[in-house]
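As structure tokens, the structure follows; a few thoughts come after it.
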2 protein chains.
Amino acid sequence: MVIINDHQVFKALSEPIRLRIAVLLTEGEICVCELTEVLRLPQSTVSRHMARLKSVGMVSDRRGGKWTHYRWVGQRHPLLDTLATYLVGLRSKRPHKGDLIRLVRYRKTKRCE
Amino acid sequence: MVIINDHQVFKALSEPIRLRIAVLLTEGEICVCELTEVLRLPQSTVSRHMARLKSVGMVSDRRGGKWTHYRWVGQRHPLLDTLATYLVGLRSKRPHKGDLIRLVRYRKTKRCE
DNA sequence: ATTCTATATCCGCCTATCCGGATATAAGGA
DNA sequence: TCCTTATATCCGGATAGGCGGATATAGAAT
């Protein structure tokens, strides 16, 4: 169990790409190749951001075959819970709405499991 | 009216000193000389942090005599409202509890108005 | 065993940000 | 006017953090 520092949580979300990732995670598990596609970023960039979110203790990962699935670990942590609720409200706004549309579209063509 | 970017709000709170300032602001208005005393930091450092909070649109300032009083502008802004509620909960925790004790003590010796 | 796919990490480069002493500005009081 | 107090801004130096191509690792498929 990682001890979470509030300011590190805020720092994680202060980066626009990580904020987009956080909103995507409100939908549930997501893997790196999906994020790479949805965000249209190099894989190394995505993995680096996920490593940061994990080191802060905001996400956990699960290996499934070739894929690494990340998920938000908000349960029982006051700040992460509070933020998750707020992030859900961002789903309908730019640029998150478009991200979610691309995620759904991508999942129709490819399954990561 | 400043348009507030969520990630800039998070960036502002990602700095430990600014997080302490934000918690102090949940108590109401506060001026630079009070912050300098409570946080035990150089005045230029405090002013720099306040300028950042102001540029993000998280605080407003009011000139009263020689003093500049800052206040949280959370009203009507979803994220700032959400955060303010959370920040109130930090008052009783380290290092914020000690900050608030020093603020009360300082105000017994000096009035900024 | 070899190849392909998915992911993590390394690396050099570049920009952003922090620090705090020094200086500038501004208001009040003597 | 001159001095003191309060605050904002400037500056150079140091550190943190982002970028993405290249490389390493790991699992699955042939």
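Per chain, numbering begins at 1; letters A, B, ... match sequence-line order. Atoms considered below: every heavy atom in the structure, side chains included; atoms not considered: hydrogens, waters and symmetry mates.
Taking only side-chain nitrogens and oxygens, A:Thr45 comes nearer than 4.0 Å to OP1 or OP2 of D:dG20. Applying the 4.0 Å criterion to OP1 and OP2 of D:dA6, one finds that B:Arg63 has every side-chain N and O outside that range. The phosphate of D:dA6 (OP1 or OP2) has a side-chain N or O of B:Lys110 nearer than 4.0 angstrom.
One interatomic measurement links the two molecules: CD of A:Gln43 to P of D:dA24, which rounds to 15 Å at whole-angstrom precision. The NZ-C1' distance, from A:Lys11 to D:dT15, rounds to 11 Å in whole Å. Atom pair A:Ile17:CD1 and D:dG17:P shows a separation of 16 Å (rounding to whole Å applied). Taking atom NZ of residue A:Lys66 and atom C1' of nucleotide D:dA29, one finds them 8 Å apart after rounding to whole Å. D:dA6 atom P lies 11 Å from atom CD of B:Glu37, rounded to whole Å. At whole-Å resolution of the value, OH in B:Tyr70 and C1' in D:dA6 are 11 Å apart. The separation between B:Leu35 atom CG and D:dA6 atom P is 14 Å, rounded to whole Å. Between the CG atom of A:Leu13 and the C1' atom of D:dG18 there is a distance of 16 Å, rounded to whole Å.
Not counting sequence neighbours, B:Glu37 has no partner by the side chain to side chain donor-acceptor pair (under 3.5 Å) test. Qualifying side chain to side chain contact (heavy atoms under 4.5 Å, CB included) partners for B:Val104, counting only residues two or more places apart in sequence or in other chains: B:Lys108. Every residue meeting the side chain to side chain contact (heavy atoms under 4.5 Å, CB included) condition with A:Pro16, not counting sequence neighbours, appears here in chain and number order: B:His7. Scored by the side chain to side chain contact (heavy atoms under 4.5 Å, CB included) test, A:Leu41 finds A:Ile17, A:Leu39, A:Thr45, A:Val46 as partners (sequence neighbours excluded).
Note on B:Thr68: only backbone sugar-phosphate atoms sit closer than 4.0 angstrom, heavy atoms only; bases stay farther off. Residue contacts shown for B:His49 are limited to sugar-phosphate atoms, with no base heavy atom under 4.0 Å away. Residue A:Cys31 is classed as a sugar-phosphate contact, given heavy-atom separations below 4.0 Å to backbone atoms only. In this structure, B:Arg48 reaches the bases: a heavy-atom distance under 4.0 Å links it to at least one base atom across the strands shown.
Atom CG in A:Leu19 sits 11.5 Å away from atom NE2 in A:His49 (nearest 0.5 Å).
Listed by first then second residue, pairs satisfying salt bridge (Lys or Arg N to Asp or Glu O under 4.0 Å) with a partner in residues 6-23 of chain B read B:Arg20-B:Asp99, not counting sequence neighbours.
Looking at which nucleotide of DNA chain D each of B:Trp67 and A:Gly65 is closest to, the 5′-most match is held by B:Trp67. Heavy-atom distances to DNA chain D give each of A:Ser44 and A:Glu15 a nearest nucleotide, and the one nearer the 5′ end belongs to A:Glu15.
Once you apply a 4.0 Å limit to the heavy atoms of chain B, the touched nucleotides of DNA chain C run 5' to 3' over C:dT17 to C:dG28.
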Original post:
Yes or no on side-chain contact (heavy atoms from CB on, under 4.5 Å) for A:Cys33 and A:Lys66, after CA distance, side-chain angles and deciding distance?
Top reply: CA-CA 10 Å; A:Cys33 69; A:Lys66 293 184 289 188; over 6 Å; no

